[in-house]
Enquirer: 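Got a structure for you, questions after.
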2 protein chains.
Amino acid sequence: MTSPQRRSNCPLAFALDLFGDRWSLLVLRDLVFAGKRRFSEFAASPEGIATNVLSDRLRRLEEAGLLRREPDPEDGRKVLYSLTETGFGLTPALCELVLWGLDQQPPGTPGPPAQLVEALRKDRDGAIAALRRKHFG
Amino acid sequence: MTSPQRRSNCPLAFALDLFGDRWSLLVLRDLVFAGKRRFSEFAASPEGIATNVLSDRLRRLEEAGLLRREPDPEDGRKVLYSLTETGFGLTPALCELVLWGLDQQPPGTPGPPAQLVEALRKDRDGAIAALRRKHFG
DNA sequence: TGGATCGATTGCGAAGCGCAAGTGAAAAGT
DNA sequence: ACTTTTCACTTGCGCTTCGCAATCGATCCA
């Protein structure tokens with residue numbers, strides 16, 4: 001098993017090879033911001049990812065080391081997904097993308113919890129540190 | 001002509017609908033960091049984008065208002081692409097993705113100019129301000 | 001006028017997508 | 001014990017997008 005070849009030595013191209021599609025970062029979002037941990041929770045997000053695509057993305061992200069997959073010790077049917085430190089490292093990028101997206105829509109448009117948006121805007125690094133604590137204590 | 005429907009009211013999903021693929025952000029990268037302005041320059045990047053895909057991405061990014069397209073006044077064959085303020089607004093996100101990508105590879109791996117990387121690491125906002133000046137005076 | 005350049009478009013096979021239905025293992029219900 | 005439900009996928013299918021090579025029309029240059 002040889003790791004797939006890189007398109008170039010650009011770190012951005014490397015990143016896009018791992019999650020440059022319309023779904024991967026939404027799964028990361030659900031993990032980072034919403035604290036979701038299970039297949040059915042990701043599937044229930046309003047964007048409506050197809051289950052075959054979700055299954056594929058979870059596998060790829062696990063292979064890439066961005067998340068961890070483990071059986072739920074209390075229920076043999078369930079699987080728990082969680083962020084790795086590497087995966088959480090994308091949080092600053094996610095935040096910038098969210099802030100950019102917010103700036104593109106007229107104020108008042110429904111979106112993420114106002115409290116989170118507020119925190120991100122006035123103290124980005126503090127908000128990220130708070131998220132880190134939530135995930136890693 | 002009605003604008004395509006959004007998958008959700010999430011600003012990240014909105015962003016990914018515009019450039020959530022393996023190529024769009026590389027075109028933005030070439031504009032923001034390399035100062036490329038012409039079709040053939042984008043096509044010459046080491047990742048080797050196919051010309052039909054490049055043509056499509058330039059069209060989409062222009063439609064989305066991230067870049068501008070104008071004929072070269074000095075050569076009727078040529079077209080000049082340039083960043084809009086909206087497109088440049090993605091620079092912080094690009095930088096975070098680049099920094100993340102850099103952290104995933106062993107030090108010493110070839111990549112972007114060391115001077116840019118240095119500047120991004122120790123004064124991200126200053127580096128972005130310098131890029132802004134380069135594009136908008 | 002003939003050839004080169006530029007920014008595309010076209011054609012084609014392969015890969016990936018969205019959607020709906022189905023599967024197997026494990027838990028819950030009776 | 002046995003049936004039903006839940007859960008995390010997997011499968012099948014038609015459609016879209018992809019990568020790749022060839023080609024195109026318009027424009028510039030000799």
Side-chain angles (χ1 to χ4, degrees), chain A residues 4-8 10 13-14 16-27 30-31 34-64 67-82, chain B residues 4-8 10 13 16-28 30-31 34-64 66-83:
Chain A
Q5 188 170 346
R6 292 181 56 166
R7 288 186 285 178
S8 73
C10 172
F14 171 74
L16 292 173
D17 281 339
L18 299 185
F19 49 78
D21 67 90
R22 290 170 66 250
W23 294 110
S24 298
L25 290 184
L26 295 183
V27 173
D30 284 348
L31 277 161
K36 297 187 178 180
R37 301 200 61 189
R38 302 211 333 246
F39 189 93
S40 53
E41 292 180 299
F42 301 122
S45 287
E47 291 83 10
I49 187 172
T51 59
N52 56 343
V53 176
L54 174 56
S55 174
D56 177 77
R57 292 306 181 276
L58 289 169
R59 192 182 309 124
R60 285 170 185 259
L61 293 174
E62 189 198 5
E63 275 176 33
L67 53 84
R68 220 173 294 120
R69 187 198 131 89
E70 47 189 343
D72 186 333
E74 297 177 4
D75 186 335
R77 294 168 301 179
K78 297 182 184 174
V79 173
L80 290 174
Y81 294 93
S82 57
Chain B
Q5 186 170 347
R6 293 181 56 167
R7 287 186 283 177
S8 72
C10 172
L16 292 173
D17 281 339
L18 299 184
F19 49 77
D21 67 271
R22 290 169 66 251
W23 293 110
S24 297
L25 289 183
L26 296 182
V27 173
L28 264 294
D30 285 348
L31 278 160
K36 295 186 178 180
R37 301 199 61 187
R38 298 194 307 112
F39 188 93
S40 52
E41 292 181 298
F42 301 122
S45 287
E47 292 84 11
I49 187 172
T51 60
N52 56 343
V53 176
L54 175 56
S55 175
D56 177 76
R57 292 308 181 276
L58 289 168
R59 191 182 309 122
R60 285 170 186 258
L61 292 173
E62 188 198 6
E63 274 176 35
L66 303 191
L67 53 84
R68 222 171 292 123
R69 187 197 131 91
E70 47 190 342
D72 186 333
E74 298 176 3
D75 186 337
R77 294 169 302 178
K78 298 182 182 174
V79 173
L80 290 174
Y81 295 93
S82 56
L83 277 174

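Chain letters run A, B, ... following the sequence lines, proteins first, then strands; residues in each count from 1.
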Enquirer: Please name all residues satisfying salt bridge (Lys or Arg N to Asp or Glu O under 4.0 Å) with Asp17(B), sequence neighbours left out, ordered by chain then number.
Expert: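 So Asp17(B) forms a salt bridge (Lys or Arg N to Asp or Glu O under 4.0 Å) with Arg22(A), Arg7(B).
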Enquirer: Could you state the CG-C1' distance from Leu58(A) to dA8(D), rounded to the nearest angstrom?
Expert: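 Checked: the CG to C1' distance equals 10 Å.
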Enquirer: By salt bridge (Lys or Arg N to Asp or Glu O under 4.0 Å), which residues pair with Arg6(A), not counting sequence neighbours?
Expert: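 Arg6(A) satisfies salt bridge (Lys or Arg N to Asp or Glu O under 4.0 Å) with no residue once adjacent residues are dropped.
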Enquirer: Is there a side-chain contact between Ile49(A) and Leu26(A) in this structure, where contact means two heavy atoms from C-beta onward sitting under 4.5 Å apart?
Expert: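 No - every pair of side-chain heavy atoms lies 4.5 Å or more apart.
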Enquirer: Heavy-atom contacts under 4.0 Å between residues 66-79 of chain B and DNA chain D, which residues?
Expert: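 Contacts with DNA chain D under 4.0 Å: Asp75(B), Gly76(B), Arg77(B).
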Enquirer: Specify the closest pair of heavy atoms between Ser24(A) and Leu18(A), including all atoms of both residues, with the distance to one decimal.
Expert: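 Looking at all heavy atoms of both residues, the closest pair is OG-O, 4.3 Å.
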Enquirer: Does Phe19(A) have any ring pair (Phe, Tyr, Trp, His ring centres under 6.0 Å) partners at least two apart in sequence or in another chain, and if so, which?
Expert: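 Partners of Phe19(A) by the ring pair (Phe, Tyr, Trp, His ring centres under 6.0 Å) criterion, ordered by chain and then number, come out as Trp100(B).
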Enquirer: Which residues pass the side-chain contact (heavy atoms from CB on, under 4.5 Å) test with Ala50(B), sequence neighbours left out?
Expert: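 Checked Ala50(B) against side-chain contact (heavy atoms from CB on, under 4.5 Å); matches are Asn52(B), Val53(B).
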Enquirer: For Arg69(A), enumerate each residue passing the salt bridge (Lys or Arg N to Asp or Glu O under 4.0 Å) test, keeping only those at least two apart in sequence or located in another chain.
Expert: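 Applying salt bridge (Lys or Arg N to Asp or Glu O under 4.0 Å) to Arg69(A) gives none.
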Enquirer: Distance under 4.0 Å to a non-hydrogen atom of chain B counts as contact; along DNA chain C, which nucleotides mark the start and end?
Expert: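 The contact span of chain B on DNA chain C goes from dT5(C) to dG11(C).
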Enquirer: Mapping Leu80(B) and Thr51(A) to their closest nucleotides on DNA chain C, which lands nearer the 5' end?
Expert: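 Counting from the 5' end, the first nearest nucleotide belongs to Leu80(B).
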Enquirer: Can you list the residues that meet the salt bridge (Lys or Arg N to Asp or Glu O under 4.0 Å) rule with Glu70(A), with sequence neighbours excluded?
Expert: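 Salt bridge (Lys or Arg N to Asp or Glu O under 4.0 Å) check on Glu70(A) returns Arg37(A).
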Enquirer: Under 4.0 Å, heavy atoms only, any strand: does Phe42(A) hit a base, just the sugar-phosphate, or nothing?
Expert: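 Contact class for Phe42(A): none.
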Enquirer: Between the protein and nucleotides 12-19 of chain D, which nitrogen or oxygen pairs come in under 3.5 angstrom?
Expert:
{"residue": "dC18(D)", "atom": "OP1", "partner": "Arg57(B)", "partner atom": "NH2", "Å": "2.3"}
{"residue": "dG19(D)", "atom": "OP1", "partner": "Arg22(B)", "partner atom": "NH1", "Å": "3.1"}
{"residue": "dG19(D)", "atom": "OP1", "partner": "Trp23(B)", "partner atom": "NE1", "Å": "2.8"}
{"residue": "dG19(D)", "atom": "OP2", "partner": "Trp23(B)", "partner atom": "NE1", "Å": "3.4"}

Enquirer: Using side-chain contact (heavy atoms from CB on, under 4.5 Å) as the criterion, list what pairs up with Ser45(B), not counting sequence neighbours.
Expert: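 Result, side-chain contact (heavy atoms from CB on, under 4.5 Å) vs Ser45(B): Arg29(B), Asp30(B), Lys36(B), Glu47(B).
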Enquirer: What residues, two or more places apart in sequence or in another chain, satisfy side-chain contact (heavy atoms from CB on, under 4.5 Å) together with Lys78(A)?
Expert: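 In terms of side-chain contact (heavy atoms from CB on, under 4.5 Å), with neighbours along the sequence ignored, Lys78(A) is linked to Arg38(A), Asp72(A), Asp75(A).
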